[in-house]
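Note sheet for the following structure.
For the single chain, residues carry numbers from 1 onward in sequence order.
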Amino acid sequence: MASPRLLRRCLLAALSAALVGSVAVGPAQARTAAPAAAAVTTFSDTFDGPAGAAVDSSKWTLETGDNVNNHERQYYTSGTKNAALDGQGHLVITARKENPAGYQCWYGSCQYTSARLNTAGKFNAQYGHVEARMKIPRGQGMWPAFWMLGTPVNWPDSGEIDVMENVGFEPSTVHGTIHGPGYSGSGGIGAPYSLPNGQAFADAFHTFAVDWAPDSITWSVDGNVYQRRTPADLGGKTWVFNKPFFLILNLAVGGYWPGDPDGSTQFPQTLVVDSVSVTTSDSAAGVPIRGLAGKCVDVAGANSANGTPVQLYDCNGTGAQAWTVGSDGTLRALGKCLDVSGGGTADGTPVQLWDCNGSTAQKWALPAARDIVNPQANKCLDVTGNNAANGTRLQIWTCTGGANQKWTVG
């Protein structure tokens, strides 16, 4: 029997292939691979290797030392004691309650060891979909994080993007934050995301991601968008997120924010990382989708509210017409997804903008025939009534091969 991990990877591959693969929309219609509008994975690590092996040194560097700024209690080590593969396709970062031999922390003896990895000098991201699938530790004083720093590092002026942070006293909540000049530390700008019904993030793997464009950063958990930040949120302060950033994974122990572990915290604790990836489209800032009469797929009024109509409109180069092709089969603009209203499958069901949620109503295939197909409905993105007027609503309709169903991405 295939392992759950292998099955998950096969499913992910199938969803990615849906962007460019063949999709049957009727007995006589076969479709072949799409042109170069597909997503491009620029960084990926699935941590395959034998148990006890070190991480890939061509991708990651292990930092060493303590963290003076946050008053954390751990010492980050090199080697495989605190960061190693488990032989099941995971990186395991382990925090242990022990004093590192021969080292004195800045405030006295360190009480814990752990690990912190980064891609500095090996990989920098600039825009795209950045995600990690992880299972976080539990317990008072634990502080796992997946984040990015701007290059060259001159914090806070160089910027920081926290894709995910969790502090142990909030087992159901994670935080996404940006830091920069005048909005750093406790003044960072962000929001929390909480699981429903008291579920704990430590109970299962979850996918933490940002969709990063030149003038926006959008956070999601398991495909559920929970905040979007733009320069307008900074109150006149400088937006510093238009340059390369490198990736960081770490498990801190203690510090000003989480507080120290107490008698309820069991050691060792682990941050288990299943995968990390950075995916971009041909243009990470988004590309237009042109159709009938050379006009573009457009979010009405550039309004990112759920339920905003998606329409045909003169191409104008705005963010309302900048679409990215997600590796998960989504088409995204303004930090949200192209969605079939109500998950409908009937001819004439309108399409709209909606929070990305991983549903089949938000999956699209881009075959070489230049259709854009919703596989769930087995129907094409369609200009209502073959009407090229600005503001004509888009919908799904049985694929006919008409000009009102032909699209050029990019």
Are [X] and [Y] linked by a side-chain donor-acceptor pair shorter than 3.5 Å?
| X | Y | answer |
| --- | --- | --- |
| N404 | D382 | yes |
| K295 | N390 | yes |
| W354 | Q362 | no |
| W219 | D211 | no |
| D298 | Q321 | yes |
| D162 | H179 | yes |
| D66 | Y76 | no |
| T345 | K379 | no |
| E160 | W155 | yes |
| Q395 | T384 | yes |
| Q352 | D339 | yes |
| T360 | Q376 | yes |
| N70 | E72 | yes |
| T77 | N82 | yes |

Tell me whether Y313 at atom OH has more than 12 heavy atoms from other residues, nucleotides or ligands lying less than 6.0 Å away.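 Incorrect, the count does not exceed 12.
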Can you establish whether the number of heavy atoms outside K97 located under 6.0 Å from its atom NZ is more than 12?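 Not buried by this count: 12 neighbours or fewer within 6.0 Å.
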Would [X] and [Y] count as a close aromatic pair, with their ring centres under 6.0 Å?
| X | Y | value |
| --- | --- | --- |
| H90 | F47 | no |
| F241 | Y127 | no |
| F43 | F123 | yes |

Should the pair Y256 and H71 be assigned to parallel (<30°), tilted (30 to 60°) or perpendicular (>60°) ring geometry?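 It falls in the tilted class, 30° to 60°.
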Worked check of side chain to side chain donor-acceptor pair (under 3.5 Å) between T61 and K122: CA-CA 9 Å; T61 296; K122 299 179 179 182; 3.1 Å; yes
If you measure from the Lys or Arg side-chain nitrogens to the Asp or Glu carboxylate oxygens, is any gap between R228 and D233 under 4.0 Å? no
Salt bridge or not between E98 and K81? Use side-chain N to carboxylate O under 4.0 Å. yes
